[in-house]
Amino acid sequence: MEKQSYFLIILLVAFVICMGVFWFQFNNDVSTFIILNETEVQENGSFSGMLMDAYSNGVANQTITFHKPGYQMGTIVDAQTDEKGEFTITNVEYLPDAGDENYYGDFTFAGNGKYKGCSYEGNVTVVPN
């Protein structure tokens with residue numbers, strides 16, 4: 001074989017390895033994060049958020065868990081992301097007797113085989129009308 005044929009074979013093997021590494025990284029243990037559009041919302045209003053992967057793509061059909069105002073810490077509520085990775089919380093509740101606990105918080109995505117789990121560090125405070 002000619003010297004050029006060896007270089008071509010080496011380049012082809014390197015290309016296949018690089019494509020395999022890229023495919024593996026894109027399809028396994030992809031980091032995720034949650035963003036919310038509000039930090040404060042009126043009673044009976046709504047707010048939305050999005051579950052995104054490390055490549056800024058929405059993660060569709062996943063469950064986001066969170067706590068509602070006044071609920072005990074062991075009680076969680078679910079929201080489902082749509083085909084764009086977005087979710088909406090409607091008719092938010094304000095509980096007068098909840099005091100400082102009038103917020104939606106602890107937004108968490110548990111993760112799955114393809115995506116790593118994540119949590120949103122902030123809260124969405126509910127204010128009375």
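Residue numbers count from 1 along this sequence.
- A continuous path of Ile, Leu, Val, Met, Phe, Trp and Tyr side chains, each step under 4.5 Å between heavy atoms, connects Tyr55 with Leu51, placing both in one hydrophobic cluster.
- Remark: the backbone N or O of Lys116 is paired with a side-chain donor or acceptor of Thr32 at under 3.5 angstrom.
- Between Val30 and Ala54, the shortest heavy-atom distance links the atoms CG1-N, 3.9 Å.
- Here the side chain of Asp106 pairs no donor or acceptor atom with the backbone of His67 at under 3.5 angstrom.
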Audit row: Ser48, Asn37, side-chain hydrogen bond (donor to acceptor under 3.5 Å, both in side chains) steps and yes/no: CA-CA 6 Å; Ser48 59; Asn37 68 342; 3.2 Å; yes
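- Nearest heavy atom pair, residue Glu43 against residue Asn129, reads O-OD1, 3.3 Å.
- Among all heavy-atom pairs drawn from Ser46 and Thr88, the shortest one is CB-CG2, 4.4 Å.
- Note that CZ of Phe107 and CD1 of Ile34 are 8.0 Å apart. Values are rounded to the nearest 0.5 Å.
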Give the C-alpha distance, both sets of side-chain angles, the deciding distance and a yes or no for side-chain contact (heavy atoms from CB on, under 4.5 Å) between Val126 and Tyr103. CA-CA 5 Å; Val126 182; Tyr103 65 86; 5.8 Å; no
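- Remark: side-chain polar atoms of Glu86 are not paired, donor with acceptor, to backbone N or O of Lys84 under 3.5 angstrom.
- Closest approach of Asp78 to Phe66, counting heavy atoms only: C-CE2, 4.0 Å.
- A distance-only check finds no donor-acceptor pair linking the side chain of Asn102 to the backbone of Tyr94 [under 3.5 Å].
- With sequence neighbours left out, Thr39 forms a side chain to side chain contact (heavy atoms under 4.5 Å, CB included) with no residue at all.
- Judged by distance alone, the side chain of Thr108 and the main-chain N or O of Ser119 form no donor-acceptor pair under 3.5 Å.
- Scanning both residues, Phe87 and Met50, for their nearest heavy atoms gives CE2-N, 3.6 Å.
- In this structure, Asn112 contributes its side chain and Lys114 its backbone to a donor-acceptor pair below 3.5 Å.
- The SG atom of Cys118 sits 8.5 Å away from atom CZ of Phe33, with the distance rounded to the nearest 0.5 Å.
- The CD1 atom of Ile76 sits 13.0 Å away from the NZ atom of Lys68 when rounded to the nearest 0.5 Å.
- The aromatic ring centres of Tyr104 and Phe47 sit less than 6.0 Å apart.
- Put simply, the side chain of Met52 reaches to within 4.5 Å of the side chain of Ile35, judged on heavy atoms.
- Side-chain contact between Leu12 and Leu8 is absent, with no heavy-atom pair separated by less than 4.5 Å.
- A donor-acceptor pair under 3.5 Å links the side-chain atoms of Gln80 to the main chain of Asn61, judged by distance alone.
- Side-chain atoms of Thr65 do not come within 3.5 Å of backbone N or O of Val77 as any donor-acceptor pair.
- Side chain of Thr81 to backbone of Val59: a donor-acceptor contact under 3.5 angstrom is found.
- Considering only heavy atoms from C-beta on, Leu36 comes within 4.5 Å of Val124 through its side chain.
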